[in-house]
K.L.:
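This is the structure I want to talk about, given as C-alpha cells.
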Protein chains: 2
Amino acid sequence: MGADIIAEQEPVLTAKEKCMETGDHKDCLGVIMPVRDALDVINGKWKLPIIIAISRGHKRFRDIERNIPRITSKVLSKELKDLEAHKLIKRSVFDSQPVSVEYTLTPYAATLNPVIDALYAWGTQHRKTIFGSSEAQG
Amino acid sequence: MGADIIAEQEPVLTAKEKCMETGDHKDCLGVIMPVRDALDVINGKWKLPIIIAISRGHKRFRDIERNIPRITSKVLSKELKDLEAHKLIKRSVFDSQPVSVEYTLTPYAATLNPVIDALYAWGTQHRKTIFGSSEAQG
DNA sequence: TATAGTGCTATCCTTTTGGTTACTGGTAAC
DNA sequence: GTTACCAGTAACCAAAAGGATAGCACTATA
C-alpha cells in the first residue's frame with residue numbers, strides 16, 4: 001500500500017534540527033538512540049555491501065559471494081540470516097534441478113537507499129580526501 | 001572556507017545511478033568500495049554517537065562519557081583516538097588548573113551530517129516499524 | 001582528612017567477528 | 001571416474017571489540 005509516503009503530514013526533523021529543538025545541548029539521546037537503532041541493523045562491514053550486491057541483481061549465494069571482495073561463505077551465510085531476520089531480504093528456494101536458492105530485497109530494504117546514498121557520497125569524497133592529502137600539504 | 005559547495009561542477013551520482021550507469025548489474029564494486037570506505041571510518045557502535053555528543057556541545061571526556069549510554073572509559077578513550085586519527089575530532093589540552101581537555105569536531109566531521117541525518121531518519125522510522133509490527137498484521 | 005571529580009590507563013575476561021580448511025549431497029560436464 | 005559447481009555447514013582458531021573493575025596523579029570541596 002503506502003509506498004509513496006511524503007513526509008508532509010509529519011515533519012521529519014534532521015538530526016541537527018532535532019537537537020536544536022531541545023533548546024540546548026543537554027539531550028542528545030533523542031538523536032543517539034535512533035542512530036544506534038539503525039546502526040544495530042546495518043552493523044559490521046558486510047550488511048550494506050550485501051544489500052548493494054543483491055540490489056544489483058546478484059541473487060544467488062555464490063554470485064553474491066563472488067561480487068563482494070574477501071567475504072567468505074561462512075560470513076555471508078551468517079549475514080544473510082541476519083538480514084532475513086531483520087526482514088531486509090527474502091530467501092526463496094526453487095524446486096528446480098538442482099534446487100536453486102535466490103535472495104531478493106524486500107521493499108523495506110529500499111528504505112535504506114538514502115543511507116546507502118549518503119554513505120556512498122561520503123565514502124567517495126573521503127577517498128579523494130585521503131589520496132589528495134599526500135600531495136596537498138597538511 | 002568552502003562550506004557551501006554545490007554538486008554542480010561534478011555530478012555526484014547516487015548509489016543507484018552509479019549502478020545504472022554501468023549498464024547492467026555486473027559491476028557493483030564501484031558502489032561497494034566507497035560505501036566500505038565510509039563504513040571503515042564510522043565502524044562500530046560508538047563513533048557516530050560520540051560525534052553526535054560532541055556536536056551537541058559535550059566537549060569534555062566525562063561529559064561525553066555521561067551522555068552516551070553504556071559506554072566505558074576504555075572504549076571512549078580508544079574511539080576518540082580513532083576519530084582523531086581520522087581527523088574528525090580535535091583534542092585540545094588547556095593549561096588551566098587543573099589541566100582540562102576538550103574534544104571538538106573538525107569541519108570535516110560536519111561532512112558526515114548527511115550520513116547521520118539519513119541514519120537518524122531511518123532509525124526513527126525503523127523503531128516505529130518494530131513497535132508497530134505487533135499490532136499491525138503482517 | 002575524606003570525598004569527589006578529571007582524564008585517562010591497565011588488567012582481565014567474554015563476546016563477536018572473521019579467516020581457513022574441510023566436508024556434505026546432489027547434479028552436470030569431461 | 002574425476003572434476004567442478006551449487007548452497008551451504010562444521011570445526012578450529014585468531015583478532016578485534018567490548019565490558020567490568022581498579023587505579024593513578026592531580027585538584028577542589030567539605
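Throughout, a chain's letter reflects where its sequence line sits, starting with A, and its residues are numbered from 1.
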K.L.:
Using only heavy-atom distances, decide whether a donor-acceptor pair under 3.5 angstrom links the side-chain of B/Arg62 to the base of C/dG7.
P.N.:
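Donor-acceptor pair under 3.5 Å: yes.
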
K.L.:
Within the sub-3.5 Å range, which N or O atoms of nucleotides 16-18 of chain C have a protein N or O partner, and how far apart are they?
P.N.:
| from | atom 1 | to | atom 2 | distance (Å) |
| --- | --- | --- | --- | --- |
| C/dT17 | OP2 | A/Lys78 | NZ | 3.0 |
| C/dG18 | OP1 | A/Trp46 | NE1 | 3.1 |
| C/dG18 | OP2 | A/Trp46 | NE1 | 3.3 |
| C/dG18 | N7 | A/Lys74 | NZ | 3.3 |
| C/dG18 | O6 | A/Lys74 | NZ | 3.1 |

K.L.:
Evaluate the criterion side chain to side chain donor-acceptor pair (under 3.5 Å) for residue pair A/His58 and A/Tyr103; output intermediate values, then yes/no.
P.N.:
CA-CA 8 Å; A/His58 301 291; A/Tyr103 294 92; over 6 Å; no

K.L.:
Sequence neighbours left out, what passes side-chain contact (heavy atoms from CB on, under 4.5 Å) with B/His86? Give chain and number order.
P.N.:
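If we apply the side-chain contact (heavy atoms from CB on, under 4.5 Å) test to B/His86, skipping adjacent residues, the hits are B/Val41, B/Leu88.
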
K.L.:
Under the side chain to side chain donor-acceptor pair (under 3.5 Å) rule, collect the residues that match up with B/Thr124, sequence neighbours excluded.
P.N.:
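Expected list: none.
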
K.L.:
Rounded to the nearest 0.5 Å, what separates atom CG in B/Leu48 from atom CD1 in A/Ile32?
P.N.:
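Rounded to the nearest 0.5 Å, the CG-CD1 separation comes to 10.0 Å.
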
K.L.:
Quick check for you: to the nearest 0.5 Å, what is the distance between B/Asp37 atom CG and A/Ile130 atom CD1?
P.N.:
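Interatomic distance, B/Asp37 CG to A/Ile130 CD1, rounded to 0.5 Å: 6.5 Å.
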
K.L.:
Are the side chains of A/Ser73 and A/Phe61 in touch, meaning some heavy atoms are under 4.5 Å apart?
P.N.:
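Side-chain contact under 4.5 Å: yes.
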
K.L.:
Within the distance-only criterion (no hydrogens, no angle test), does the side chain of A/Arg91 pair as donor or acceptor with the backbone N or O of A/Val101 below 3.5 angstrom?
P.N.:
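Between the backbone of A/Val101 and the side chain of A/Arg91 there is no qualifying donor-acceptor contact (under 3.5 Å).
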
K.L.:
B/Asn43: which residues meet the side-chain contact (heavy atoms from CB on, under 4.5 Å) condition with it, sequence neighbours left out?
P.N.:
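If we apply the side-chain contact (heavy atoms from CB on, under 4.5 Å) test to B/Asn43, skipping adjacent residues, the hits are B/Lys47.
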
K.L.:
Are any of B/Arg60's side-chain N or O atoms less than 4.0 Å away from OP1 or OP2 of C/dT6?
P.N.:
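For C/dT6, OP1/OP2 do not have a side-chain N/O of B/Arg60 under 4.0 Å.
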
K.L.:
Is A/Asp82 salt-bridged to A/Lys78, going by a charged N under 4.0 Å from an acidic O?
P.N.:
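A salt bridge links A/Asp82 with A/Lys78.
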
K.L.:
Closer than 4.0 angstrom, basic N to acidic O: yes or no for A/Arg62 and A/Glu65?
P.N.:
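The answer is yes: the pair qualifies as a salt bridge.
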
K.L.:
Of all nucleotides in DNA chain D with an atom under 4.0 Å from a non-hydrogen atom of chain A, which is the first and which the last going 5' to 3'?
P.N.:
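First-to-last contact on DNA chain D, by the 4.0 Å heavy-atom rule, is D/dC6 to D/dC12.
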
K.L.:
Name every residue in residues 93-105 of chain B that has at least one heavy atom under 4.0 Å from any atom of DNA chain D, in order of residue number, or write none if there are no such residues.
P.N.:
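Within residues 93-105 of chain B, the residues near DNA chain D are B/Gln97, B/Pro98.
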
K.L.:
Could you tell me how far apart B/Glu65 (CD) and C/dT9 (C1') are, to the nearest whole angstrom?
P.N.:
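Distance check: B/Glu65 CD to C/dT9 C1' gives 13 Å.
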
K.L.:
Is B/Arg66 near enough to C/dG7 that one of its side-chain N or O atoms lies under 4.0 angstrom from OP1 or OP2?
P.N.:
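Negative; the distance criterion is not met.
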
